Visitor: 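Please see the structure below; I have some questions.
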Amino acid sequence: MALTFRDRFKHNLFIWFFGLTKVRLILFCRPKIVDINDDEVILCIPLNRQTRNHVNSMYIGAMTVGADLVTGITAMLNIRKSKRNIVLIFKDINAKFFKRAEGNTHFICKYKKEIEQAVQKVITSKDRVNLEVPVIATVPEKLGNEPVAEFKITLSMKEK
């Protein structure tokens, strides 16, 4: 099922509000949800003067925001659906860079079902659950689906 314009707008409004009130760096990078479907979440960070480094590619900090946010949004959607007070943080992050991201960069999280299962495990066990989530970064306008970077970010969740 494709994401409707209205749903995309709601998700992007949530990101904007979260960036404005909680983590200003998110707002600075201007991320946007591209798609949310049954299998994956895709988020885009534009390459602009705020996210560009000295060699005209995306700055590593902006790329880290993208990997963090696509994983966080995937988890937050499931947490909001559960209507429980689950706190999520990131325990660690590992990255491999293959090419320079010289355009608008898409961050793809295909662990939607695994994150949903982890949220359910938090609810049933009442214990902290850690899940290593892979994220792929691509620049579709220049390189198609070829990855420019791969991230592994450990999502850590616990019910308050």
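Remember, it's a predicted structure, so these values are computed and weren't measured experimentally. Hydrogens, waters and symmetry mates are skipped; everything else that's a heavy atom, side chains included, is used.
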Visitor: When rounded to the nearest 0.5 angstrom, what distance separates CG in Asp35 from SG in Cys44?
Guide: 12.5 Å

Visitor: Step by step, work out the side chain to side chain contact (heavy atoms under 4.5 Å, CB included) result for Thr51 and Tyr59.
Guide: CA-CA 6 Å; Thr51 60; Tyr59 178 60; 5.7 Å; no

Visitor: Do Asn130 and Ser156 meet the criterion of a side-chain donor-acceptor pair at a distance under 3.5 Å?
Guide: yes

Visitor: For the atom pair OG1 (Thr154) and CG (Leu131), what is the distance rounded to the nearest 0.5 Å?
Guide: 8.0 Å

Visitor: Side chains of Pro134 and Phe151, heavy atoms from C-beta outward: is any pair under 4.5 Å?
Guide: no

Visitor: Thinking salt bridges, do Asp127 and Lys158 make one under a 4.0 Å N-O criterion?
Guide: no

Visitor: Any side-chain to backbone donor/acceptor pair from Arg84 onto Ile79? Under 3.5 Å, distance only.
Guide: no

Visitor: Should we count CZ of Phe9 as having more than 12 external heavy atoms under 6.0 Å?
Guide: no

Visitor: Can you tell me how far CE of Met157 sits from CD1 of Ile86, rounded to the nearest 0.5 angstrom?
Guide: 7.0 Å

Visitor: Can Leu47 and Asn56 be said to form a side chain to side chain contact (heavy atoms under 4.5 Å, CB included), step by step?
Guide: CA-CA 9 Å; Leu47 182 67; Asn56 293 322; over 6 Å; no

Visitor: Does a side-chain N-to-carboxylate-O contact under 4.0 Å join Glu132 and Lys91?
Guide: no

Visitor: Could you go step by step and tell me if Val135 and Ile108 meet the side chain to side chain contact (heavy atoms under 4.5 Å, CB included) rule?
Guide: CA-CA 6 Å; Val135 174; Ile108 305 161; 5.9 Å; no

Visitor: Any non-hydrogen side-chain atom of Lys152 less than 4.5 Å from a side-chain atom of Ile93?
Guide: no

Visitor: Taking the side chain from Asn85 and the backbone from Lys160, do they hold a donor-acceptor pair closer than 3.5 Å?
Guide: no

Visitor: Are there more than 12 heavy atoms of other residues, nucleotides or ligands under 6.0 Å from atom CZ of Arg30?
Guide: no

Visitor: Heavy atoms, side chains only, cut-off 4.5 Å: are Ile73 and Phe14 in contact?
Guide: yes

Visitor: Quick check against the 3.5 Å criterion: does Asp68 have a side-chain atom that pairs as donor or acceptor with the backbone of Thr64?
Guide: no

Visitor: Shared ILVMFWY cluster between Val70 and Met76, side chains joined below 4.5 angstrom?
Guide: yes

Visitor: Considering non-hydrogen atoms only, spot the tightest contact between Ile15 and Pro31 and give its length.
Guide: CG2-CG, 3.7 Å

Visitor: Look at the side chain of Glu150 and the backbone N and O of Lys96, then say whether any donor-acceptor pair between them is shorter than 3.5 Å.
Guide: no

Visitor: Out of curiosity, does Ile45 fall in the hydrophobic cluster containing Leu27 (side-chain heavy atoms, cut-off under 4.5 Å, transitive links)?
Guide: no

Visitor: Take Phe90 and Thr71, measure what side chain to side chain contact (heavy atoms under 4.5 Å, CB included) needs, and give me the verdict at the end.
Guide: CA-CA 9 Å; Phe90 295 103; Thr71 307; 3.8 Å; yes

Visitor: Linking I/L/V/M/F/W/Y whenever any side-chain heavy atoms sit under 4.5 Å apart, do Val148 and Phe97 land together?
Guide: yes

Visitor: Measuring from atom NZ of Lys121 to atom CZ of Arg128, what distance do you get when rounded to the nearest 0.5 angstrom?
Guide: 13.0 Å

Visitor: Taking all heavy atoms of Ala75 and all of Val119, pick out the closest pair and write down the distance.
Guide: O-CG2, 4.5 Å

Visitor: If we ignore hydrogens and angles and just use 3.5 Å, is the side chain of Thr105 paired with the main-chain N or O of Ala101 as donor and acceptor?
Guide: no

Visitor: Out of curiosity, Glu146 CD to Ile136 CD1, how far, rounded to the nearest 0.5 Å?
Guide: 11.5 Å

Visitor: Counting C-beta onward and ignoring hydrogens, is there a side-chain heavy-atom pair between Asn104 and Val139 closer than 4.5 Å?
Guide: no

Visitor: Just so I know, are the side chains of Thr138 and Leu143 near enough to count as touching, which here means a heavy-atom distance under 4.5 Å?
Guide: no

Visitor: Rounded to the nearest 0.5 Å, how far does NZ of Lys112 lie from CD of Glu116?
Guide: 7.5 Å

Visitor: For the pair Lys126 and Glu159, find out whether any cationic side-chain nitrogen is under 4.0 Å from an anionic carboxylate oxygen.
Guide: yes

Visitor: Taking it one step at a time, do Asp39 and Lys110 satisfy salt bridge (Lys or Arg N to Asp or Glu O under 4.0 Å)?
Guide: CA-CA 6 Å; Asp39 301 318; Lys110 294 187 178 200; over 6 Å; no

Visitor: Report whether Leu3 and Ile42 are members of the same hydrophobic cluster (ILVMFWY, side-chain heavy atoms less than 4.5 Å apart, transitive linking).
Guide: no

Visitor: Pro140 and His106: which non-hydrogen atoms are nearest, and at how many Å?
Guide: CG-ND1, 3.5 Å

Visitor: Check whether any side-chain heavy atom of Phe107 sits under 4.5 Å from a side-chain heavy atom of Met63, and report yes or no.
Guide: yes

Visitor: Are Leu43 and Ile60 connected in a single hydrophobic cluster, I mean Ile/Leu/Val/Met/Phe/Trp/Tyr linked by side-chain heavy atoms less than 4.5 Å apart?
Guide: yes

